[in-house]
Amino acid sequence: MNDMTPKKFGIGAPIRRKEDATLITGQGRYTDDFAPEGVLQAFVLRSAMAHATIQLDGLEAARAVPGVALVLTAEDLTGLKPMPTKAVMRQVDGTTHKVPERPILCSDTVRHVGDAIAFIVADSVNIAKSAAELIEVDYTPLDVVVDIEAALQEDAPLVWPEFGTNRAFTLGHGDAAKTETAFASAAHVSQIKLINNRLVANYMEPRACVAEFDPASGRYTLTAGTQGGHGMRDIIARDILGIEPSQLRIVTPEVGGGFGTKMFVYREYPLCLFAAEKLRRPVKWTGERMDHFVTDAHGRDNVTTAELALDANGKILGLRIHVLAAMGAYLHQFGPFIPFVGTSMSTGLYDIPALHVTATGVYAHTVPTDAYRGAGRPEAAYLIERLIEQAALDLGLASDEIRRRNFIPKEALPYRTPTGRLYDTGDFTAHMDKALQVADWAGFAARKADSAARGKFRGIGMCCYIEACAFPGGEEATVELNGNGTVTLLIGTQTNGQGHATSYAQVIAEELGLDMDRIEVIQGDTDRVRKGGGTGGSRSIPLGLPSVLKASKSLVQKIKDRAAEKLEAGPEDLELVDGTVRVVGTDRMVTLAEIAAGAPEPLAGQEEVKQVEATYPNGTHVCELEVDPETGDIAITNYTIVDDFGVTVNPILLAGQVIGGTAQAISQALCEETVYDADGQLLTASLLDYRLIRAADLPDIHFETNNIPSTTNALGIKGAGEAGTIGGCASVMNALQMALREGAGVQHIDMPATPQKVWQAIQAAR
């Protein structure tokens with residue numbers, strides 16, 4: 001085969017998604033499509049106020065409504081424990097922080113709009129809603145705080161008065177004394193203050209769940225859209241229901257997007273399970289878009305101040321950062337971990353010898369926050385790349401020149417950062433240079449002049465990012481030969497639309513000589529899949545694929561050993577082709593179905609390849625845009641990405657992941673704004689008020705790779721699922737900042753840079 005001929009299967013093959021035929025023809029089966037016989041429908045009565053004590057009346061009237069099967073309040077949930085926080089962190093003073101109790105249903109106090117008060121189960125959703133209207137919630141309003149800077153003021157209302165402060169925790173990295181010394185010797189200090197805006201995930205498919213209970217076995221089944229059922233099973237069983245995980249089965253059908261937010265246990269899941277056991281009937285809850293806005297974990301929401309110490313030549317000496325990270329009214333499942341892992345990437349691609357960063361979690365009367373695509377790393381990349389641009393401006397250096405002077409050189413890798421991260425491979429100057437070339441950075445001045453002639457401002461900006469993902473661990477894979485000669489993969493990752501079935505199957509197909517349509521990939525069933533780490537942190541392909549490959553090879557060897565007996569040949573003389581095992585160079589063969597039928601026990605390969613360090617994808621995004629000063633409208637005219645993902649498994653799927661993530665970053669930078677009023681009411685609680693990027697707003701995105709294989713991953717892969725969100729925001733905002741500064745004298749603008757905000761900034765500067 002010529003090296004330039006595309007591969008049919010295997011790593012690197014540009015195979016179209018095998019999942020698409022089902023999904024685009026409307027045959028995908030999602031949680032809401034599941035309706036077991038006798039299923040009842042549930043509705044959650046939620047708080048209309050952000051902070052109040054409550055008393056309930058009208059419960060008996062609600063229970064008496066025809067068709068209502070059950071009305072639950074906090075006092076009815078005997079035996080259920082509160083929602084757990086699984087990330088209890090060690091603070092800078094060596095102590096662990098306090099964790100407030102998050103009840104499944106609030107008994108006497110609500111702390112954000114959307115807090116759950118009652119759970120109604122009925123023959124239909126409309127009946128449940130009608131019953132909920134009969135429940136009178138007597139609110140006694142309490143003082144509210146929604147702004148995290150205001151929440152730390154001495155006279156601020158307290159979300160948890162028993163704690164005496166809205167400061168949830170203070171975490172940190174680095175060496176304060178060493179950093180102070182670096183700043184003392186600096187010739188120049190650049191500083192910046194940034195807002196990283198609060199986001200609502202807004203996946204296409206709102207959450208839903210169906211709970212069933214089998215009295216004969218005492219087992220529960222929960223069908224729900226998740227990012228991995230095993231972790232969710234363990235938390236619901238052990239931490240909430242107080243049962244063994246073996247008593248609970250989690251089934252995940254098709255999932256219409258996750259972005260981190262479907263990783264978590266939400267109140268409706270144990271409520272439906274509890275109700276199903278009590279009623280001995282299946283109970284189903286389907287969230288509406290409004291539920292999503294006021295109950296599902298939000299993302300980002302940081303206010304950060306940072307300083308960069310430099311010598312007279314523009315070489316970085318030290319970095320000092322303080323992050324205020326909104327936690328919302330409660331500490332969500334992994335909420336406290338997000339600013340900690342994010343700030344571990346504070347130094348970016350730069351050789352910064354001294355660092356001190358603190359991250360303070362802050363309570364406010366808002367929806368709790370947790371992981372959202374990138375989970376802390378987009379915030380870190382945004383900060384360092386906006387700060388490095390500020391330093392370039394202060395020192396009169398070009399954007400690329402200040403980076404060249406401070407990049408970790410290729411020959412210094414592997415490189416240990418001040419936060420303990422170990423970057424293994426990369427060539428950061430190379431992907432920057434390639435991106436600048438493709439984007440025609442050198443020709444920008446002429447395009448800027450053309451824009452000016454038309455009364456427009458033009459800017460160009462870059463972001464050179466690195467992230468940590470595919471964190472240490474492994475993912476067990478089992479590849480089984482079925483009786484009909486097909487193959488089944490069992491693996492505990494969970495697709496949310498990424499194309500796992502294609503990526504895994506193309507590797508199995510190459511090893512076993514099968515067409516991909518003869519390979520079934522099973523995820524999302526904790527009874528069928530023995531264990532699993534789920535999907536998050538760009539882990540599925542980097543951790544899952546090495547195990548899939550090794551398990552496939554293990555199965556191939558077992559098949560050859562079995563076939564060798566039948567064909568009276570050595571295993572080394574056999575090859576697997578088109579569903580058969582044949583002796584190389586002859587027509588002697590046996591089918592895989594015959595091998596399976598003759599085996600004394602099922603043939604399978606089961607392997608788990610583990611890695612001990614994260615992978616570190618990196619790259620450069622370049623954005624060029626034009627601003628209409630009369631309207632504040634922004635048009636992105638060119639967008640270029642050059643990334644290092646180590647090894648490309650499937651270039652089609654990779655491009656989809658990167659471009660999709662970049663679209664989310666552009667949406668954050670220019671559109672998405674979560675607005676609470678002073679009373680804690682969420683003013684942007686629907687897609688009428690919360691703007692997402694539209695297809696018409698997105699440019700054509702040029703994407704290519706400059707790959708250098710990872711040395712920490714068995715196949716050299718660096719995770720890619722979150723990279724677009726990590727590189728996108730800073731490139732857009734650096735370009736916009738240039739356009740506004742040079743066009744109108746605007747010195748600073750924060751995300752989201754909506755047309756109204758851009759126009760107002762221009763007017764204020766003028």
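In this chain, numbering begins with 1 at the start of the sequence shown.
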Undergrad: Checking side chain to side chain contact (heavy atoms under 4.5 Å, CB included) between Lys284 and each of Val121, Val210, Leu40, which is the one that passes?
TA: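 Among Val121, Val210, Leu40, the one that satisfies the side chain to side chain contact (heavy atoms under 4.5 Å, CB included) with Lys284 is Val210.
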Undergrad: Hey, what do you get for CG (Leu80) to CD1 (Ile240), rounding to the nearest 0.5 Å?
TA: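 Here the interatomic distance stands at 8.0 Å.
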Undergrad: With side chain to side chain contact (heavy atoms under 4.5 Å, CB included) as the test, pick out the partner of Leu248 among Asp234, Thr526, Ile236.
TA: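 In the set Asp234, Thr526, Ile236, the residue that makes a side chain to side chain contact (heavy atoms under 4.5 Å, CB included) with Leu248 is Ile236.
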Undergrad: Test side-chain hydrogen bond (donor to acceptor under 3.5 Å, both in side chains) on Thr221 and Arg249 and set out the steps.
TA: CA-CA 5 Å; Thr221 298; Arg249 178 189 186 190; 5.0 Å; no
Undergrad: Closer than 3.5 angstrom, by distance alone: can the side chain of Asp93 be matched with the main-chain N or O of Thr95 as a donor-acceptor pair?
TA: yes
Undergrad: Name the orientation class of the two ring planes belonging to Phe264 and His332 (parallel below 30°, tilted from 30 to 60°, perpendicular beyond 60°).
TA: perpendicular
Undergrad: Could you tell me whether Glu205 and Lys262 have a side-chain N and a carboxylate O separated by less than 4.0 Å?
TA: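 Yes.
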Undergrad: Would you say Thr31's side chain and Gly225's backbone share a donor-acceptor pair under 3.5 angstrom?
TA: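 Yes, the answer is positive, given that a donor and an acceptor are paired below the 3.5 Å cut-off.
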Undergrad: Determine, using ring centers only, whether His51 and His365 are less than 6.0 Å apart.
TA: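 Yes: the rings meet the under 6.0 Å criterion.
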Undergrad: State whether Arg289 and Asp296 are salt-bridged, where the test is any N-O pair (Lys NZ or Arg NE/NH1/NH2 against Asp/Glu carboxylate O) under 4.0 Å.
TA: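 No, Arg289 and Asp296 are not salt-bridged.
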Undergrad: Within the structure provided, determine whether Thr725 and Thr662 are in side-chain contact (heavy-atom separation under 4.5 Å).
TA: no
Undergrad: Would Arg207 count as a cation-pi partner of Trp285, with NZ or CZ less than 6.0 Å from the six-membered ring centre and within 45° of the ring normal?
TA: no
Undergrad: Is Lys531 paired with Glu608 through a side-chain N to carboxylate O contact shorter than 4.0 Å?
TA: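 A salt bridge is present here (some side-chain N lies under 4.0 Å from a carboxylate O).
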Undergrad: Under 6.0 Å from the ring centre and within 45 degrees of the ring axis: does the NZ or CZ of Lys718 meet both conditions for the six-membered ring of Tyr616?
TA: no
Undergrad: Quick one: CD on Gln494 to CE on Met263, what's the gap to the nearest 0.5 Å?
TA: 11.5 Å
Undergrad: Determine whether a donor-acceptor pair (N or O, by modelled atom type, separation under 3.5 Å) exists between the side chain of Thr304 and the backbone of Val323.
TA: no
Undergrad: Assess whether a salt bridge exists between Lys278 and Asp76, defined as any Lys/Arg side-chain N lying under 4.0 Å from an Asp/Glu carboxylate O.
TA: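 The answer is no: the pair does not qualify as a salt bridge.
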Undergrad: Find out whether the Lys NZ or Arg CZ of Arg233 is both under 6.0 angstrom from the six-membered ring centre of Tyr269 and within 45° of the ring's axis.
TA: no
Undergrad: Nearest 0.5 Å please: distance from the CG atom of Leu105 over to the CE atom of Met83.
TA: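 Answer for the CG-CE pair, Leu105 versus Met83, is 10.5 Å.
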Undergrad: Charged N to carboxylate O below 4.0 Å: is that the case for Arg373 and Glu467?
TA: no
Undergrad: Any side-chain heavy atom of Asp301 within less than 4.5 Å of one from Asn196?
TA: no
Undergrad: Kindly assign one of parallel, tilted or perpendicular to the pair Phe293 and Tyr690, based on the angle between their ring planes and the thresholds 30° and 60°.
TA: perpendicular
Undergrad: Can you check side-chain hydrogen bond (donor to acceptor under 3.5 Å, both in side chains) on Asn713 and Gln611, steps first, answer last?
TA: CA-CA 6 Å; Asn713 179 266; Gln611 64 184 52; 3.0 Å; yes
Undergrad: Report the relative orientation of the aromatic rings in Phe169 and His97; use parallel for angles under 30°, tilted for 30 to 60°, perpendicular for over 60°.
TA: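 Rings of Phe169 and His97: tilted, 30 to 60°.
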Undergrad: Regarding Arg691 and Glu672, does a basic nitrogen lie under 4.0 Å from an acidic carboxylate oxygen?
TA: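 No salt bridge links Arg691 with Glu672.
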Undergrad: Angle class for the Tyr203/Phe259 ring planes (parallel below 30°, perpendicular above 60°, tilted otherwise)?
TA: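 Tyr203 and Phe259: parallel rings.
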Undergrad: Indicate yes or no: at least one non-hydrogen side-chain atom of Leu171 is less than 4.5 angstrom from one of Thr343.
TA: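 Heavy-atom side-chain distance check fails, nothing below 4.5 Å.
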Undergrad: Establish, for the pair Arg102 and Tyr330, whether the NZ or CZ atom is under 6.0 angstrom from the six-membered ring centre and no further than 45 degrees off its axis.
TA: yes
Undergrad: Please say which of Val113, Asp689, Val294 ends up in a side chain to side chain contact (heavy atoms under 4.5 Å, CB included) with Leu682.
TA: Val294
Undergrad: Measure from the side-chain N and O atoms of Thr493 to the backbone N and O of Ser540, and report whether any donor-acceptor pair falls under 3.5 Å.
TA: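 Not a single qualifying donor-acceptor pair exists.
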